[in-house]
K.L.:
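Structure incoming, see below.
As a basis for the values below, the full set of heavy atoms in this structure was taken, side chains included, without hydrogen atoms, waters or symmetry mates. The chain is numbered in sequence order, starting from 1. Counting starts at 1 for both ligands and their atoms, in listed order.
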Amino acid sequence: MVDPTGESNEGDTPGETVPEDVDADEALPVNELFCSLQGEGTLVGTPSVFVRTSGCNLRCWFCDSYHTSWEPTGAWLSVDDVVERVEEFGVPETTGGAGASQSAERSGAAGHVVLTGGEPLVHEASVDLLDRLADRGYHTTVETNGTIHRDAAIDLASVSPKLASSTPTPENAPEGVDPGVWEQRHEDRRIDHDALTRLVEDYETQLKFVVTGPDDVPEIEALVEELRERASVPIPNDRVLLMPEGVTREQVDETRNTVADLALEHGYRYTPRLHVDLWNDAPGT
Ligand SMILES: C[S@@+](CC[C@H](N)C(=O)[O-])C[C@H]1O[C@@H](n2cnc3c(N)ncnc32)[C@H](O)[C@@H]1O
Ligand SMILES: Nc1nc2[nH]cc(C(=O)O)c2c(=O)[nH]1
Ligand code: SF4
Ligand SMILES: [Mg+2]
């Protein structure tokens, strides 16, 4: 394992820790690559291959992928190798493939790939990966915090803008972590109206907000209104999703009903965290 961060806790420049023998245009720091059911959003329940890159330009206190943000870990893989690993789970039937491979332990994800992280769009090579997957007939979902726009083969932009309640403080930071410069840096970076507007205009988009409680709703309403004014495309309420905050079953049990009630009250959509319900916080799910 190498430090694949793209961004250390003190440093600020994506790419600064790329090892000398790695060409960051053609390789990605991969934290995990696995097959599961899409647990969040409009495609919930869809068998999918997940490619989780390491490194993020934000530091949400509640990040459920600590080892891609606060303590980024993974191994650099060439884009070719990532495509090969994805194909081991099955190739889309539309490209003449036989569907799911029989050898993989979880092998049902022949058509959908979810590129996530960390923040996958900090990495230039994500564009190349998405192009190659699209060429092979995969449907691509990109899970992104919405602070970066790239031109890429994205079928569904699953954008999760980060609310004020996500900002790390010494009180809420993960155990043993001092957020230091990240409290202000996260706050400064978490909303980029231009990037959000371009994502909404260029791609089929869902806006998937992590909700910690009723106090988050005014900020969601204001942001959605702002984007509706800026964007040249409509943003219907059924593309605005409220998702309960929580990494474990116990935590989601605490927030689930409040968030469902808020969705009903405001006419937004609710999304479960199906993978947490099914597999709790196990890695590779
Ligand atoms: C780990 S993030 C990676 C993609 C990107 N960095 C982002 O935040 O959208 C994947 C998804 O998990 C969500 N998420 C992270 N921590 C969470 C938590 N504690 N509760 C609910 N959702 C969470 C994010 O909002 C995002 O939708
Ligand atoms: N099953 C499952 N569905 C997911 N949808 C988005 C995820 C993510 O971490 O981006 C995720 C994940 O980690 N697991
Ligand atoms: S933006 Fe996404 S990956 Fe980054 S810290 Fe927040 S939840 Fe984690
Ligand atoms: Mg996750």
Side-chain angles (χ1 to χ4, degrees), residues 6-7 14 31-70 72 74 106 108-109 112-123 126 140-148 154 156-163 165-168 172-174 186 189-192 195-196 199 205-213 216 220 240-256 258-259 270-285:
E7 194 156 22
N31 172 264
E32 54 179 358
L33 197 158
F34 59 95
C35 176
S36 187
L37 301 178
Q38 172 56 277
E40 309 169 7
T42 51
L43 289 174
V44 73
T46 307
S48 308
V49 177
F50 291 79
V51 179
R52 189 182 304 286
T53 59
S54 202
C56 188
N57 58 343
L58 298 182
R59 290 292 185 280
C60 306
W61 67 266
F62 53 61
C63 183
D64 67 3
S65 303
Y66 179 87
H67 287 285
T68 68
S69 54
W70 290 101
R106 290 174 161 212
H112 284 255
V113 177
V114 181
L115 178 60
T116 184
E119 176 46 55
L121 296 183
V122 300
H123 305 294
S126 288
T140 60
T141 297
V142 175
E143 304 283 348
T144 175
N145 60 31
T147 61
I148 298 165
I154 299 173
L156 175 63
S158 178
V159 181
S160 184
K162 292 300 175 293
L163 303 172
S165 60
S166 69
T167 300
N172 67 18
H186 179 98
R189 288 178 177 175
R190 66 185 174 81
I191 299 293
D192 182 324
L196 286 169
L199 286 164
T205 299
Q206 61 187 17
L207 296 171
K208 186 174 54 142
F209 293 96
V210 176
V211 180
T212 59
D216 289 338
I220 294 171
V240 180
L241 284 64
L242 307 190
M243 177 163 70
E245 191 279 321
V247 177
T248 63
R249 269 186 203 134
E250 291 67 28
Q251 289 165 352
V252 175
D253 284 347
E254 291 285 308
T255 47
R256 184 193 283 118
T258 305
V259 176
Y270 170 85
T271 171
R273 284 173 62 70
L274 177 66
H275 50 115
V276 179
D277 297 342
L278 291 171
W279 301 297
N280 203 3
D281 55 355
T285 61

K.L.:
Of His275, Arg273, Gln251, which meets side chain to side chain donor-acceptor pair (under 3.5 Å) against Asp64?
P.N.:
Arg273

K.L.:
Where is the nearest protein heavy atom to atom 12 (O) of ligand 1: which residue, which atom, and how far?
P.N.:
Asp64 OD2, 3.8 Å

K.L.:
Tell me: protein heavy atom nearest atom 25 (O) of ligand 1, and distance?
P.N.:
Ser160 OG, 2.7 Å

K.L.:
Show the nearest heavy-atom pair for residues Gly117 and Thr68, with the distance to one decimal.
P.N.:
C-OG1, 3.5 Å

K.L.:
Consider only side-chain N and O atoms of Thr271 and Glu40, and report whether a donor and an acceptor are under 3.5 Å apart.
P.N.:
no

K.L.:
Residues around ligand 2, heavy atom under 4.0 Å from any ligand atom, sorted by chain and number. Can you pull those?
P.N.:
Ser36, Leu37, Gln38, Gly39, Glu40, Phe50, Arg52, Thr116, Glu143, His275, Thr285

K.L.:
Is Gly246 in polar range of ligand 1, meaning some N or O pair under 3.5 Å apart?
P.N.:
yes

K.L.:
Among protein heavy atoms, which sits nearest to atom 10 (C) of ligand 1, and what does the distance come to when rounded to 0.1 Å?
P.N.:
Thr116 OG1, 3.9 Å

K.L.:
For Glu119 and Asn145, which I'm curious about, is there any donor-acceptor pair between the side chains at under 3.5 Å?
P.N.:
yes

K.L.:
Does any N or O atom in Ser158 lie less than 3.5 angstrom from one in ligand 1, N or O only?
P.N.:
no

K.L.:
If only atom types and distance count, is the side chain of Arg189 paired as donor or acceptor with the main-chain N or O of Leu58 below 3.5 Å?
P.N.:
no

K.L.:
If you take the nearest heavy atom of each of Trp61, Phe62, Tyr66, which one is closest to atom 19 (N) of ligand 1?
P.N.:
Phe62

K.L.:
I need the minimum non-hydrogen distance between His112 and Pro47, along with the two atoms involved.
P.N.:
CB-O, 3.6 Å

K.L.:
What closest approach, in Å, do Phe34 and Thr285 show between heavy atoms, and which atom pair accounts for it?
P.N.:
CE1-C, 3.5 Å

K.L.:
Looking at Ser65, which atoms of ligand 1 are within less than 4.0 Å of one of its heavy atoms?
P.N.:
1 (C)

K.L.:
Using every non-hydrogen atom in the two residues, find where Thr167 and Asn172 come nearest and quote the distance to one decimal.
P.N.:
O-ND2, 3.1 Å

K.L.:
Checking contacts here: is it the side chain or the backbone of Arg273 that comes within 4.0 Å of ligand 1, counting heavy atoms only? Could be both or neither.
P.N.:
side chain

K.L.:
Could you find the nearest protein heavy atom to atom 13 (C) of ligand 1 and give me its residue, atom name and distance?
P.N.:
Met243 CE, 3.9 Å

K.L.:
May I ask you to identify, for Thr144, whether its side chain, its backbone, both or neither come under 4.0 Å of ligand 1 on a heavy-atom basis?
P.N.:
backbone

K.L.:
Give the residue and atom name of whichever protein heavy atom lies nearest to atom 11 (C) of ligand 1, and the separation in Å to one decimal.
P.N.:
Glu40 OE1, 3.8 Å

K.L.:
What pair of heavy atoms forms the shortest contact from Thr53 to Pro120, and how long is it?
P.N.:
OG1-CA, 3.4 Å

K.L.:
Do the side-chain N and O atoms of Asp216 and Ser165 include a donor-acceptor pair separated by under 3.5 angstrom?
P.N.:
yes

K.L.:
If hydrogens are left out, which of Glu143, Arg52, Lys162 has an atom nearest to atom 7 (C) of ligand 1, that is, the closest non-hydrogen atom?
P.N.:
Lys162

K.L.:
Give the atom numbers and elements of ligand 1 that come within less than 4.0 Å of a heavy atom of Val247.
P.N.:
19 (N)

K.L.:
Does Arg256 come within less than 4.0 Å of Asp253, counting only side-chain N to carboxylate O?
P.N.:
yes

K.L.:
Closest non-hydrogen protein atom to atom 6 (N) of ligand 1, residue and atom name please, with distance?
P.N.:
Gly118 O, 2.9 Å

K.L.:
Going by distance alone, is a donor N or O of one side chain under 3.5 Å from an acceptor N or O of the other, for His186 and Ser166?
P.N.:
yes

K.L.:
Which atoms of ligand 1 have any heavy atom of Lys208 under 4.0 Å away?
P.N.:
27 (O)

K.L.:
Search all heavy atoms of Gly45 against all heavy atoms of Leu37 and return the closest pair with its distance.
P.N.:
O-CD2, 3.6 Å

K.L.:
Under 4.0 Å from a heavy atom of Gly117: give me the atoms of ligand 1 that qualify, with their elements.
P.N.:
1 (C), 3 (C)

K.L.:
In sequence, state the C-alpha distance, the side-chain angles, and the governing distance for Ser65 and Arg52, and then conclude on side-chain contact (heavy atoms from CB on, under 4.5 Å).
P.N.:
CA-CA 9 Å; Ser65 303; Arg52 189 182 304 286; 3.2 Å; yes

K.L.:
Hey, is Pro244 touching ligand 1 through its side chain, its backbone, both or neither, going by heavy atoms under 4.0 Å?
P.N.:
backbone

